Amino acid sequence: MKKILIEVSYSALSFAYCSPKASDSDFSSITENGINRIITTEDYISKKFDLFKTFLTQMHDKNNINTLTLSDYSLFALAFDLTHEIFEFDNVIFKPLGNLPEEIYNLITANKFKVNNLNCYSMTKEMFDNLKAKNINVEIESTLFFNSRLFSHNNFQTYEDLANKEIIEFDFEPDEYDYDDFNNFLKSNEKLHTIDIKKYYPHVLENLIDILKENNKDDIAINLYENKGDVFKDEEEIEKISKKYHKDFYITIVYSDDFRHKRNKQMMTIIFSIFIPLILIGLIIYLLT
């Protein structure tokens, strides 16, 4: 289990993961004067939860704590449980290189976690605008994820997400900035194996393939999802591209349930229009003979 370092200094409280080899502090010693750091585990905190809250309350009263720093977004739930009934932070600083997670954003906008100044690596533009509207001062260090529709629609939060993403979706009409983002994504990613084009737009297939080829990417499945017949207007072009790159990419049209239903209905109509007359002719011949 990961070890957690809780540090208290004047006006500041921080939670961070530390080395598994770090020696555990004797929890009973935290009431002694001068103790300002504890190395523990989440399991131990759960067992001694009330004791930890008492400790933090005492530290808050003694040190006038108004700043919270977290080394990882995954530590937020623990920090929230321990502090939200005691603290109202002026400043919250998130250190991870990634977007602010939605669950944290929701707690802040619902006023369940109060903060006046928030600092993090990045967040979506919608989050930024809504937090500013609530008079929360927001500082971000990077706009990498900020304005990217591609990253937002695929829920990219961190650089690790970029590197490990195996399936990416396009459910909007890409513009030049989206194609640039896709190009940058490919430079960081080695695991992509599927591209789902949820809504088809003219030239999207050839543009994505051009970028894939520029980055020496192949052996990738590209699924074109049919919506109200949209792929049929460029069907000939799609077939040409499929034939041209059939050794590099697996290009497939994924038909909608509505299209399948109509096609099955048409097939049944054709079958009945052929076989019923044949059956009637056979019956007439049988009766006449």
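Quick caveat, the model's predicted, so the values are computed rather than measured.
When all heavy atoms are compared, the tightest approach of F87 to L56 is CZ-O, 3.7 Å. Of all non-hydrogen atoms in D178 and P174, the two that sit nearest each other are OD2-CA, 3.5 Å. The minimum heavy-atom distance linking I39 with C18 is given by the pair CG2-SG, 3.9 Å. S71 approaches P96 most closely through the heavy-atom pair O-CG, 3.6 Å. Minimum heavy-atom separation, V204 to Y179: CA-OH, 3.6 Å. When all heavy atoms are compared, the tightest approach of N154 to E169 is OD1-N, 2.8 Å.
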List the steps, then state whether side chain to side chain contact (heavy atoms under 4.5 Å, CB included) holds for T41 with I45.
-> CA-CA 6 Å; T41 64; I45 293 174; over 6 Å; no
Where do I253 and Y200 land on the side chain to side chain contact (heavy atoms under 4.5 Å, CB included) test, with the steps shown first?
-> CA-CA 10 Å; I253 296 176; Y200 180 80; over 6 Å; no
Going through the checks in order, is the side chain to side chain contact (heavy atoms under 4.5 Å, CB included) test met by N223 and I251?
-> CA-CA 6 Å; N223 299 316; I251 301 171; over 6 Å; no
Where do D171 and H153 land on the side chain to side chain donor-acceptor pair (under 3.5 Å) test, with the steps shown first?
-> CA-CA 8 Å; D171 57 356; H153 283 238; 2.7 Å; yes
For salt bridge (charged side-chain N to carboxylate O under 4.0 Å, His left out), just list the numbers for R37 and E7, CA-CA rounded to whole Å, side-chain angles, deciding distance to a tenth of an Å, and then say yes or no.
-> CA-CA 4 Å; R37 66 198 309 267; E7 288 189 287; 3.6 Å; yes
Apply side chain to side chain donor-acceptor pair (under 3.5 Å) to the pair S74 and D72, showing each step before the final yes or no.
-> CA-CA 5 Å; S74 62; D72 198 289; 2.7 Å; yes
Determine, step by step, whether L224 and T252 satisfy the side chain to side chain contact (heavy atoms under 4.5 Å, CB included) criterion, reporting the C-alpha distance in whole Å, the side-chain angles of both residues, the deciding distance to 0.1 Å, and the verdict.
-> CA-CA 6 Å; L224 304 171; T252 304; over 6 Å; no
Before giving the answer on salt bridge (charged side-chain N to carboxylate O under 4.0 Å, His left out), spell out for K217 and E190 the whole-Å C-alpha distance, their side-chain angles and the decisive distance to 0.1 Å.
-> CA-CA 9 Å; K217 302 290 186 180; E190 295 292 337; 3.7 Å; yes
Do D248 and K213 pass the salt bridge (charged side-chain N to carboxylate O under 4.0 Å, His left out) test, and can you show the C-alpha distance, the side-chain angles, and the key distance before you say yes or no?
-> CA-CA 9 Å; D248 303 308; K213 297 298 289 183; 3.3 Å; yes
Test side chain to side chain donor-acceptor pair (under 3.5 Å) applied to S122 and N99, step by step = CA-CA 5 Å; S122 188; N99 258 6; 3.2 Å; yes
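The line from CG of L97 to CD of E141 is 7.5 Å long, rounded to the nearest 0.5 Å. With rounding to the nearest 0.5 Å, the separation of CG in D50 from CZ in F55 is 15.0 Å. One distance of note links OG1 of T194 with CG of L192; it measures 7.0 Å at 0.5 Å rounding. Interatomic distance, I65 CD1 to M59 CE, rounded to the nearest 0.5 Å: 7.5 Å. Distance CD1/I222 to CD1/I168: 12.0 Å, rounded to 0.5 Å. Considering CE of M123 and CG of L118, their distance stands at 5.0 Å, rounded to 0.5 Å.
Considering only heavy atoms from C-beta on, V92 stays 4.5 Å or farther from L70 through its side chain. Taking the side chain as every heavy atom from C-beta outward, V254 and D196 never approach each other to under 4.5 Å. For the pair L5/I38, no side-chain contact is recorded, criterion being any heavy-atom separation below 4.5 Å from C-beta on. The side-chain heavy atoms of K114 and H84, taken from C-beta on, include no pair separated by under 4.5 Å. Side-chain contact between L150 and Y177: absent, with no pair of heavy atoms (C-beta onward) separated by less than 4.5 Å. Side chains of T109 and K134 form a contact here, defined as non-hydrogen atoms less than 4.5 Å apart. The shortest side-chain heavy-atom distance between I108 and I136 falls under the 4.5 Å cut-off. Using a 4.5 Å heavy-atom cutoff, the side chains of H193 and D219 are not in contact.
A salt bridge is absent between K240 and E235; no separation between the charged side-chain nitrogens and carboxylate oxygens falls under 4.0 Å.
Taking the six-membered ring for Trp, F94 and Y121 have ring centres at least 6.0 Å apart. Ring to ring, F151 and F185 are not that close: their centroids are 6.0 angstrom or more apart.
The salt bridge (charged side-chain N to carboxylate O under 4.0 Å, His left out) test applied to D175 returns R149, not counting sequence neighbours.
Aromatic ring pairs are classed by plane angle as parallel below 30°, tilted from 30° to 60° and perpendicular above 60°; the pair F182 and F170 is perpendicular.
In the hydrophobic clustering of this structure, Y250 does not group with I209; members are Ile, Leu, Val, Met, Phe, Trp, Tyr whose side-chain heavy atoms approach within less than 4.5 Å, directly or through other members. The cluster map of Ile, Leu, Val, Met, Phe, Trp and Tyr, joined by side-chain heavy atoms under 4.5 Å apart, puts Y17 and I6 in the same cluster. When hydrophobic clusters are built by joining Ile, Leu, Val, Met, Phe, Trp and Tyr residues whose side-chain heavy atoms come closer than 4.5 Å, directly or via intermediates, I93 is not grouped with L131. Taking hydrophobic clusters as Ile, Leu, Val, Met, Phe, Trp and Tyr residues chained together by side-chain heavy-atom distances below 4.5 Å, F49 shares a cluster with Y44. Under a hydrophobic clustering in which Ile, Leu, Val, Met, Phe, Trp and Tyr are joined whenever their side-chain heavy atoms come within less than 4.5 Å, directly or via other members, L78 and I86 fall into the same cluster.
Residue-environment remark: NZ (K244) stays at or below the threshold of 12 foreign heavy atoms within 6.0 Å. Within a 6.0 Å radius of CD in E88, no more than 12 heavy atoms belonging to other residues, nucleotides or ligands are found. Residue K53 qualifies as enclosed at atom NZ: its count of foreign heavy atoms under 6.0 Å is above 12.
Between the side chain of N116 and the main chain of D90, no donor-acceptor pair closer than 3.5 Å is present. No donor-acceptor pair closer than 3.5 Å links the side chain of D234 to the backbone N or O of E237. Without hydrogens or angle criteria, N189 side chain to A163 main chain gives a donor-acceptor distance under 3.5 Å. Without hydrogens or angle criteria, N64 side chain to H60 main chain gives no donor-acceptor distance under 3.5 Å. In this structure, the side chain of S46 does not engage the main chain of E42 through any donor-acceptor pair within 3.5 Å. Panel note: side chain N227, backbone K198; a donor-acceptor pair is recorded below 3.5 Å.
Exactly one residue among F15, Y105, F113 makes a ring pair (Phe, Tyr, Trp, His ring centres under 6.0 Å) with F76. That residue is F113.
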